[in-house]
Chemist: 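Okay, handing you the structure first.
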Amino acid sequence: MNSQEITRRDQSAGAGKSALGIVLADGDDTARAALRAMLGEIKELRIGVFEQVKPPIAPDSEAAKAQLLMVALGADAEKWTAELQSWLDPHARRVVIAVVANRSPQSVRMALRAGAEEVILLPIDRDELARCLVKISETHPILTAHHPSLTCSLVSVAGGVGVTTLTAEVGLAIRRMTGKQVGLIDLALQTGALSAVLDLEPEHTIGELVDSPRSMDSIRLESMLTRHESGLCLLAAPKRLEEAELVSPVGVTSALTLMRELFDFVVVDCGHDLTESTVAAWQQSDFLLYVIEQSVTSIRPAQRFLDLFERMHLKGVRLEFVLNRFDPAHPISLKKIETALQRPVLARIPRDDPAFVQAQLAGDVVSVAAPESAAAIATEALTRKLFGLTVSDEKPRGLFGKLFASGRARGGIANGAA
């Protein structure tokens, strides 16, 4: 079997349900055969099984449509992160299940830390596997989501690494490349710097919107947004410091749910404060970008964040690291950083002081003030890689069009306070 040779089996059980596509990836023939046989015994679900020995999964193949990826990990746990990363595709959203032979809590933790969302232990227990797959099919956001929007949250436990600036740049890059509707949310509630980066003076903020989540609806949300000249829409942080305490996790969840219905892409600035509100945003995100720089005071907190992320078991959230202000001559090299994190870095944004000075003098973001700069080009490349974007000639759809479309999808927009 070569790297692109794939076989498929569709179970007849549960024929009235949508098939749950599973790719059996890597591992030896014996391990895949055991998995295939066990999946054949599960009658609770209709399952389509694909086999592939080596990555990548061809985008035009039947396996590319599968929602689950089961990877039989090798004996060397130090290589598990690289093994899983080799199978990930930025253009496809899949639930990653690791299959490991060592039945120990340490192995489970290492598999989760490597990027798996669920772990199956060998020898496989049929009931355990069935429960895992049923739970995923009924609760995982990738399989249950009814909207096509994508949400990306940016965070860093260490302050001053450029989370807010990168949030604005990513949002602008998406808007520029696709012409689609992009919404930004400023959850760095005490700093509220996103409006300053975009040179906006918001009249309304998230503090007004979430004071009574029960009365929140699309019309009220639209009235609270501040529009940027690029077409971005910002849900700004509260104007006063004390108002930040009034923003509840329930309110943030409600606001983000509506934003995901109204916008094609939602980008969230989570700042560097870990609160229940920012965690609520992570739980609804497809991507979580952790921003680091070349310093011990940035890498050590990132390691602690990884430990937290592992213990939270966030389902359907893809964690990636971005190295900002990268200097190839710095003694803390990229290799040292990846070794310390035991994870690869998705992208490097080069240190580009002239471009940032130019942006400061122009009172604008780097991608506008210095679009040909190395930093601007790297940020656009990051955005393309993360979302699998291409430039679109399609004209952007108006916000009211999205509002009415969303209202029709829900059977009409509810009346609420504007």
Side-chain angles (χ1 to χ4, degrees), residues 152-172 184-200 202 205-207 234-247 249 252 267-282 285 287-309 312 314 317 319-327 330-332 334 336-338 340-341 343 345-353 355-357 359-360 365-366 375 378-379 382:
C152 177
S153 291
L154 288 87
V155 65
S156 181
V157 177
V161 297
V163 172
T164 297
T165 302
L166 194 56
T167 299
E169 295 286 7
V170 168
L172 288 167
L184 303 182
I185 304 178
D186 192 350
L187 288 186
L189 301 174
Q190 294 187 341
T191 55
L194 194 52
S195 57
V197 169
L198 294 170
D199 194 25
L200 296 174
T205 73
I206 191 173
L234 170 65
L235 183 57
K239 295 181 180 180
R240 297 185 177 89
L241 283 173
E242 63 270 20
E243 293 177 352
E245 299 298 324
L246 303 178
V247 179
V252 168
V267 187
V268 185
D269 178 3
C270 292
H272 62 270
D273 291 327
L274 301 187
T275 66
E276 291 186 21
S277 294
T278 55
V279 171
W282 303 351
S285 297
F287 304 97
L288 185 59
L289 287 187
Y290 190 98
V291 185
I292 56 177
E293 63 178 10
Q294 291 164 290
S295 69
V296 174
T297 54
S298 175
I299 304 305
R300 289 287 175 81
Q303 292 173 319
R304 298 178 67 190
F305 179 86
L306 262 175
D307 177 67
L308 171 66
F309 184 80
M312 290 182 67
L314 296 179
V317 184
L319 174 64
E320 298 286 359
F321 285 88
V322 176
L323 180 53
N324 201 17
R325 302 165 187 160
F326 173 66
D327 178 2
H330 198 284
I332 301 180
L334 173 63
K336 290 180 179 178
I337 291 173
E338 291 183 328
L341 297 177
R343 291 180 69 104
V345 170
L346 177 69
R348 293 162 289 172
I349 310 299
R351 187 178 186 92
D352 194 343
D353 292 338
F356 281 96
V357 170
Q360 291 289 319
V365 293
V366 170
T379 302
L382 158 66

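Just so you know, residue 1 is the first one in the sequence shown, and it goes up from there. A quick note: this is a predicted structure, and the numbers were derived from the prediction, not measured.
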Chemist: Mark yes or no for whether Ser285, through its side chain, and Leu288, through its backbone, hold a donor-acceptor pair below 3.5 Å.
Modeler: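 Checking the backbone N and O of Leu288 against the side chain of Ser285, no donor-acceptor pair under 3.5 Å is found.
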Chemist: Please give me the minimum heavy-atom distance between Gly171 and Val267, naming the atom from each residue.
Modeler: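 Here Gly171 and Val267 meet closest at CA-CG2, 4.3 Å.
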Chemist: Which residues pass the side-chain contact (heavy atoms from CB on, under 4.5 Å) test with Gln294, not counting sequence neighbours?
Modeler: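 Applying side-chain contact (heavy atoms from CB on, under 4.5 Å) to Gln294 gives Leu323, Phe326, Asp327, His330, Ile332, Ile337.
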Chemist: Is Leu200 close to Leu234 at the side-chain level, that is, under 4.5 Å between some pair of heavy atoms?
Modeler: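 Yes, close enough: below the 4.5 Å cut-off.
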Chemist: Got a sec, which residues hit side-chain contact (heavy atoms from CB on, under 4.5 Å) with Arg300, two or more places apart in sequence or on another chain?
Modeler: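 side-chain contact (heavy atoms from CB on, under 4.5 Å) list for Arg300, sorted by chain: Val296, Gln303.
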Chemist: Is there a side-chain contact between Leu341 and Phe321, using heavy atoms and a 4.5 Å cut-off?
Modeler: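 Leu341 reaches Phe321 side chain to side chain.
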Chemist: Any donor-acceptor pair under 3.5 Å linking the side chain of Glu320 with the backbone of Val345?
Modeler: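 Judged by distance alone, no pair lies under 3.5 Å.
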Chemist: Which value, rounded to the nearest 0.5 Å, describes the distance between Leu308 atom CG and Leu274 atom CG?
Modeler: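 The CG atom of Leu274 is 6.5 Å from CG of Leu308, to the nearest 0.5 Å.
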Chemist: Could you walk me through whether Val366 and Glu169 pass the side chain to side chain contact (heavy atoms under 4.5 Å, CB included) check?
Modeler: CA-CA 8 Å; Val366 170; Glu169 295 286 7; 3.4 Å; yes
Chemist: With side chain to side chain contact (heavy atoms under 4.5 Å, CB included) as the criterion, how do Ile292 and Ile299 come out once you've worked through the C-alpha distance, each side chain's angles and the decisive distance to 0.1 Å?
Modeler: CA-CA 7 Å; Ile292 56 177; Ile299 304 305; 4.2 Å; yes
Chemist: I'd like to check the side-chain contact (heavy atoms from CB on, under 4.5 Å) partners of Ser295; sequence neighbours left out, ordered by chain and number.
Modeler: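 If we apply the side-chain contact (heavy atoms from CB on, under 4.5 Å) test to Ser295, skipping adjacent residues, the hits are Glu293, Thr297, Ser298.
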Chemist: Between Val365 and Ala168, what is the shortest heavy-atom contact and its length?
Modeler: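 In terms of heavy atoms, the two residues are closest at CG1-CB, 4.5 Å.
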Chemist: Should Arg351 and Asp353 be marked as a side chain to side chain contact (heavy atoms under 4.5 Å, CB included) after you check the CA-CA gap, both sets of side-chain angles, and the distance that decides it?
Modeler: CA-CA 6 Å; Arg351 187 178 186 92; Asp353 292 338; 3.4 Å; yes
Chemist: Side chains of Asn324 and Val291: closer than 4.5 Å at any heavy-atom pair?
Modeler: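 The answer is yes, as the side chains (C-beta and beyond) meet within the 4.5 Å cut-off.
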Chemist: Do you know the tightest heavy-atom contact between Arg348 and Ala378?
Modeler: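 Closest pair (atom of Arg348, atom of Ala378, distance): O-CB, 3.7 Å.
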Chemist: Could you tell me which non-hydrogen atom of Pro238 sits nearest to which non-hydrogen atom of Val247, and how far apart they are?
Modeler: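 Closest heavy-atom pair between Pro238 and Val247: CG-CG2, 4.0 Å.
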Chemist: Which heavy atom of Ala347 sits nearest to which heavy atom of Leu382, and what is that distance?
Modeler: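 Nearest pair, atom of Ala347 first, then Leu382: CB-CD1, 3.7 Å.
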Chemist: Working note: Ser153 + Val155, criterion side chain to side chain contact (heavy atoms under 4.5 Å, CB included); need CA distance, chi angles, decisive distance, verdict.
Modeler: CA-CA 7 Å; Ser153 291; Val155 65; over 6 Å; no
Chemist: Kindly write out the residues that satisfy ring-ring contact (aromatic ring centres under 6.0 Å, His included) with Phe305, not counting sequence neighbours, or none if the list is empty.
Modeler: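 So Phe305 forms a ring-ring contact (aromatic ring centres under 6.0 Å, His included) with Trp282, Tyr290.
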Chemist: To the nearest 0.5 Å, how far apart are CG in Leu235 and OG in Ser195?
Modeler: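 Between Leu235 CG and Ser195 OG, I get 11.5 Å after rounding to 0.5 Å.
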Chemist: Is the backbone of Leu319 close enough, under 3.5 Å, to the side chain of Arg343 for a donor and an acceptor to pair up by distance?
Modeler: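 Looks like yes, one N/O pair under 3.5 Å.
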Chemist: Give every donor-acceptor pair under 3.5 Å between a side-chain atom in residues 186-194 and any protein atom, sequence neighbours left out.
Modeler:
| unit_1 | atom_1 | unit_2 | atom_2 | d |
| --- | --- | --- | --- | --- |
| Asp186 | OD1 | Ala188 | N | 3.1 |
| Asp186 | OD2 | Leu194 | N | 3.2 |
| Thr191 | OG1 | Ala188 | O | 3.3 |

Chemist: Taking side chain to side chain donor-acceptor pair (under 3.5 Å) as the cut-off, I'd like each qualifying pair that reaches into residues 156-167, sequence neighbours left out, listed once.
Modeler: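 Of all non-adjacent pairs touching residues 156-167, those that pass side chain to side chain donor-acceptor pair (under 3.5 Å) are Thr164-Asp269.
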Chemist: Looking only at heavy atoms, which two atoms of Gly271 and Val163 are closest? And how far apart?
Modeler: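 Smallest interatomic distance, heavy atoms only, reads N-CG1, 4.2 Å.
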Chemist: Under a 3.5 Å distance rule, please check whether Lys239 uses its side chain to pair with a backbone N or O of Pro202 as donor and acceptor.
Modeler: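 Yes; at least one donor-acceptor contact below 3.5 Å.
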Chemist: For the residue pair Cys152 and Leu289, establish whether any side-chain heavy-atom pair is separated by less than 4.5 Å.
Modeler: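 Yes, at least one pair of side-chain atoms sits under 4.5 Å.
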